[in-house]
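To start, the structure itself, in C-alpha cells.
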Amino acid sequence: VQLQASGGGLVQAGGSLRPSCAASEGTFSTYTVGWFRQAPGKEREFVGAVTTTRTYYDDSVKGRFTISRDKAKNTANLQMNSLKPEDTAVYYCGAGRPILSAIRNPSAYRNWGQGTQVTVSS
C-alpha cells in the first residue's frame, strides 16, 4: 500500500492541525496505522497508532492528539490540538501489521508516507 501524508503547516502554540494519511488501496483499513515524528537531529519517535480495534498514544500527546480513520476515503487522520513548540517535527504515517509489543517501533511498519512538516511557534 502506498501512503501520502498531508496537512502539516505552521501554527502558533495552542493551535491545531490535522495531518492526514491517504492510502492507495482499500485494504488500508485492515492495517495498523502508526503516526511518528522526527525532529532535526533526533530519532523517529512514536506518536500514536490505530489498529482495527483501538488507538494508542504516547504519553506526550495523550489528551491532545486523536487518531481516527475514514474507511470510505482510505485515510487516517491525526487531529492535533493544544500544540506546543516541542511538537515541531516532520510527521510520518506508516502502515503495517505489528504485534502489540512492537507498535511503537518504526521498523514494524512496512509502508511509509513522505512526511509532512509541522511547525509550532511560541
Side-chain angles (χ1 to χ4, degrees):
V1 59
Q2 293 183 326
L3 306 178
Q4 183 169 4
S6 62
L10 171 64
V11 66
Q12 289 187 330
S16 300
L17 285 171
R18 190 171 182 262
S20 182
C21 181
S24 59
E25 55 186 71
T27 57
F28 185 56
S29 64
T30 68
Y31 286 80
T32 290
V33 178
W35 281 97
F36 292 77
R37 63 188 180 188
Q38 189 165 17
K42 295 188 176 181
E43 294 185 352
R44 191 168 296 191
E45 64 176 17
F46 176 77
V47 173
V50 55
T51 69
T52 57
T53 57
R54 61 163 293 181
T55 52
Y56 300 84
Y57 300 97
D58 185 77
D59 286 346
S60 65
V61 305
K62 201 171 291 183
R64 300 189 297 124
F65 291 10
T66 303
I67 297 173
S68 62
R69 311 182 82 131
D70 187 330
K71 293 182 180 179
K73 296 181 179 179
N74 289 335
T75 60
N77 305 303
L78 178 63
Q79 178 67 46
M80 306 191 297
N81 299 327
S82 302
L83 282 162
K84 305 175 181 179
E86 51 264 43
D87 295 319
T88 295
V90 177
Y91 282 70
Y92 297 90
C93 59
R97 303 186 193 281
I99 58 175
L100 186 56
S101 61
I103 203 166
R104 301 173 61 93
N105 189 342
S107 64
Y109 295 81
R110 185 172 182 178
N111 305 96
W112 290 92
Q114 81 283 11
T116 184
Q117 176 70 46
V118 169
T119 303
V120 184
S121 62
S122 58

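Computed from a prediction, not measured in an experiment: that's the story for all the values here.
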Inter-residue atom distance [X].[atom1] - [Y].[atom2], 0.5 Å rounding:
| X | Y | atom1 | atom2 | answer |
| --- | --- | --- | --- | --- |
| Leu78 | Cys21 | CG | SG | 10.0 Å |
| Asp70 | Thr75 | CG | OG1 | 4.5 Å |
| Ser122 | Lys84 | OG | NZ | 14.0 Å |

Name the orientation class of the two ring planes belonging to Phe65 and Tyr91 (parallel below 30°, tilted from 30 to 60°, perpendicular beyond 60°).
tilted
Minimum heavy-atom separation for [X] and [Y], please, with both atom names.
| X | Y | value |
| --- | --- | --- |
| Ala23 | Phe28 | CB-CG, 3.2 Å |
| Ala13 | Pro85 | CB-CD, 4.1 Å |
| Ser82 | Ser16 | N-OG, 4.4 Å |
| Pro19 | Thr116 | CB-CG2, 4.1 Å |
| Thr30 | Thr27 | OG1-O, 2.6 Å |
| Ala95 | Val1 | CB-CG1, 4.2 Å |

Please check if atom CD in Glu25 has more than 12 non-hydrogen atoms from other residues, nucleotides or ligands closer than 6.0 Å.
yes
If you draw a 6.0 Å radius around CZ in Arg18, do more than 12 non-hydrogen atoms from other residues or ligands fall strictly inside?
no
Any side-chain heavy atom of Tyr56 within less than 4.5 Å of one from Thr51?
yes
Between [X] (side chain) and [Y] (backbone), is there a donor-acceptor pair under 3.5 Å?
| X | Y | value |
| --- | --- | --- |
| Arg97 | Arg110 | no |
| Gln114 | Ala5 | yes |
| Arg104 | Phe46 | no |

Are [X] and [Y] joined in one hydrophobic group, where the rule is that I, L, V, M, F, W and Y side chains link up if heavy atoms are under 4.5 Å apart?
| X | Y | value |
| --- | --- | --- |
| Val118 | Phe36 | no |
| Tyr57 | Val50 | yes |
| Trp112 | Val33 | no |
| Ile103 | Leu3 | no |

side-chain contact (heavy atoms from CB on, under 4.5 Å) between Met80 and Val11: does it pass, once the steps are laid out?
CA-CA 11 Å; Met80 306 191 297; Val11 66; over 6 Å; no
Does a side chain donor of either Asn81 or Gln79 reach within less than 3.5 Å of an acceptor in the other side chain?
yes
Strictly by modelled atom types, are Ser6 and Gln4 linked by a side-chain donor-acceptor pair under 3.5 Å?
no
Charged tip of Arg37 within 45° of Tyr92 ring normal and under 6.0 Å
no
Is it true that the NZ or CZ of Arg69 lies under 6.0 Å from the centre of Tyr31's six-membered ring and within 45 degrees of the ring axis?
no
List the steps and the verdict of side-chain contact (heavy atoms from CB on, under 4.5 Å) for Tyr109 and Thr32.
CA-CA 8 Å; Tyr109 295 81; Thr32 290; 3.9 Å; yes
Identify whether the distance between the nearest side-chain nitrogen and carboxylate oxygen of Asp59 and Lys62 falls below 4.0 Å.
yes
Test log, rule side-chain contact (heavy atoms from CB on, under 4.5 Å), inputs Thr88 and Gln117:
CA-CA 8 Å; Thr88 295; Gln117 176 70 46; 4.1 Å; yes
